[in-house]
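To keep things clear, I will list the structure first and then write my remarks on it.
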Amino acid sequence: MRLQDLKKADASWKDRAVHARYRVESIGSLARLLRHGPGKMAEIFRWDWLRTLAGASNLLDMAVYTRTGRYREASAYALAEVIGGIGDLIDSICAAPDRVVIHEDLVPSEIFRGMGLAPFMAEVIGIAVPLVKADWAEKYIDIAENEGTPPDTCSLPKCTMGVALDGQFPKSAAIVTSNMPCDGGMASYTILERELKSPCFRLDIPYNFYNDRAIDYFVSELKRMIAWLEEHTPGRMDWDRLKEVCIERNKAMEHELEIWELIRQKPAPMAGEAIWLAQLIHMVATPGSPRATRTMKNILKRTKKIMENGGGALPEERYRAVLWNPPTLVFPELFVWAEQQYGVALLADMLTYHRHPFIDVSSPDSMLRSLAQIIVEGPMARHTRGPAENFFDDLFYLYEYFSLDMIWMAGHIGCKNTMALNGMFRERCREREIPLFIMNYDLSDTRVVSPVDMKKQAEAFMETVMKAEPLL
Ligand code: SF4
């Protein structure tokens with residue numbers, strides 16, 4: 001881990017015990033895979049990404065070293081559940097190898113689980129592993145480029161393709177993808193289809209998706225997908241099982257909305273990874289799972305506890321910020337550092353913030369209709385497709401809702417859809433007198449901009465634009 005820029009908090013014995021407890025839990029979440037026996041272990045531990053993820057308990061260090069008290073405990077809990085959620089995904093593909101469906105991050109897993117399948121989100125590898133080891137994706141980016149992928153394609157799909165080209169995906173009964181979120185994401189599935197030698201289904205999602213006509217059309221797409229999966233996999237739709245998954249999702253979302261309501265207060269009683277990373281893994285990668293509900297419920301409980309004690313999560317909250325664009329995978333400590341150095345509380349990010357409906361579970365059709373709306377408004381894609389308003393409206397709404405002081409834009413060089421908006425972005429923030437920090441970097445490749453340079457850019461913004469005095 002890259003902890004050299006962070007100052008350790010003066011931890012009490014209680015704080016240290018919290019760290020130890022959740023470290024043991026995290027190791028346990030991955031160690032339970034051993035129950036699948038030595039043959040399975042030998043098969044899956046061939047995968048370099050899984051061996052690297054086995055060190056994921058180090059992610060806890062990032063969350064706990066700089067924090068104390070209830071915020072330390074809440075952050076450590078959230079990180080341990082993130083690791084547990086990833087462990088669940090791997091566990092389910094080991095338990096039902098003939099039912100594995102590889103799916104794109106823009107196609108959530110509720111329907112697959114309703115059909116008794118074992119979903120595995122392809123991009124979870126390229127998202128989770130660089131959080132543990134910053135330069136991990138680079139080998140796979142190079143593999144994809146050497147195979148002919150244009151170098152200016154986003155590094156996340158390049159990494160996913162590289163992992164597939166290197167033979168590190170589980171065997172799958174089928175692949176399901178869509179025409180989202182961008183050209184690079186779409187193109188990566190031609191490689192996955194070829195390398196995994198699995199039949200592939202592509203969902204067609206309308207370009208303009210905030211209207212009834214789009215939802216009607218997309219419901220018919222979901223029905224087409226279910227029929228296709230019944231033909232190509234052992235999965236069969238069980239509407240009662242899907243209903244259970246949808247009810248779980250609704251419960252988790254209820255907790256999530258309450259957390260958002262509470263953190264509007266100043267100082268915010270929760271911030272950082274317990275908001276963005278927990279929700280990314282539990283609401284995007286594993287929505288509708290009992291773990292997701294439990295995690296959201298427990299983060300809410302901890303948020304209330306911090307509030308009841310009359311304080312905020314941070315010892316001194318001086319600024320409130322949102323991170324727009326996908327989070328900085330190669331440098332997740334960025335906001336831990338900004339929190340410690342300048343008192344910046346990160347309250348939301350682009351991937352976690354949504355306006356999804358609760359799922360209407362009254363009938364199969366109503367469930368499909370709600371799920372259709374959730375899928376067409378998928379993370380990242382709902383902001384990077386269609387008119388520019390899709391990108392700006394949510395952001396400026398969030399800015400007001402959380403009474404923010406500034407916007408941090410993770411200017412991922414490979415995300416052409418959002419990079420194209422930067423000129424307009426600057427203009428609109430200038431008109432509203434919103435301090436805007438656009439950080440140049442690459443989502444998964446530290447050779448483009450190193451974490452040290454990312455930090456330098458943030459320092460320059462905080463000290464010249466915000467006139468912030470470092471706390472340390
Ligand atoms: S970050 Fe941008 S370019 Fe990369 S996958 Fe997401 S939408 Fe596509």
Side-chain angles (χ1 to χ4, degrees), residues 102-108 121-131 136-138 140-141 144-145 149-164 175-192 202-203 205 207 209 276-277 279-281 283-285 322-332 334 349-354 375-392 394-395 408-422 424-425 438-449 454:
I102 306 282
H103 65 101
E104 186 206 52
D105 49 356
L106 276 298
V107 183
M121 186 175 116
E123 292 77 10
V124 83
I125 300 173
I127 291 172
V129 189
L131 294 173
W136 177 83
E138 289 159 22
Y140 301 98
I141 291 169
E145 287 185 8
T149 307
D152 63 347
T153 304
C154 171
S155 50
L156 177 57
K158 271 192 301 197
C159 171
T160 309
M161 284 186 266
V163 173
I175 302 173
V176 177
T177 184
S178 75
N179 56 346
M180 294 205 300
C182 56
D183 292 351
M186 261 186 277
S188 63
Y189 278 80
T190 48
I191 299 287
L192 261 67
R202 289 177 170 78
L203 284 161
I205 296 173
Y207 181 73
F209 47 91
W276 73 266
L277 188 52
Q279 294 175 354
L280 174 63
I281 297 297
M283 299 303 284
V284 177
V322 60
L323 180 69
W324 216 234
N325 239 12
T328 52
L329 302 179
V330 294
F331 190 30
L334 178 66
D349 82 317
M350 181 201 247
L351 263 51
T352 51
Y353 180 70
H354 60 80
I375 298 172
V376 299
E377 294 178 25
M380 196 158 59
R382 70 177 159 271
H383 296 123
T384 59
R385 269 183 325 138
E389 277 55 44
N390 291 356
F391 181 83
F392 291 115
D394 270 357
L395 175 60
W408 285 36
M409 166 70 178
H412 165 34
I413 199 140
C415 191
K416 289 165 223 57
N417 294 357
T418 52
M419 289 302 270
L421 290 169
N422 278 350
M424 209 188 274
F425 201 173
I438 300 184
M439 183 180 64
N440 295 317
Y441 93 115
D442 187 284
L443 185 68
S444 324
D445 194 336
T446 60
R447 296 167 297 186
V448 179
V449 177
M454 290 162 69

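Basis for what follows: all heavy atoms, side chains included, without hydrogens, waters or symmetry-related copies. Note that ligands are numbered from 1 as they come in the structure, with each ligand's atoms numbered from 1 the same way.
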Worksheet item: Can you find a pair of side-chain heavy atoms, one from T446 and one from E138, that are under 4.5 Å apart?
Response: yes
Response to the item:
What lies under 2.8 Å from atom 6 (Fe) of ligand 1, restricted to protein N/O/S atoms, is M380 SD
Worksheet item: Just by distance, do the side chain of Q279 and the backbone of T352 share a donor-acceptor pair under 3.5 Å?
Response: no
Worksheet entry | Heavy-atom side-chain proximity of M424 to F391 below 4.5 angstrom | no
Worksheet item: Is the count of non-hydrogen atoms from other residues, nucleotides or ligands lying under 6.0 Å from I413 atom CD1 greater than 12?
Response: no
Fill in: K158 (side chain) donor-acceptor with T153 (main chain) under 3.5 angstrom
yes
Response to the item:
From the list D445, T160, D442, side chain to side chain donor-acceptor pair (under 3.5 Å) with S155 holds only for D442
Worksheet item: Of all the atoms in ligand 1, which lie at a distance below 4.0 Å from a heavy atom belonging to G414?
Response: 3 (S)
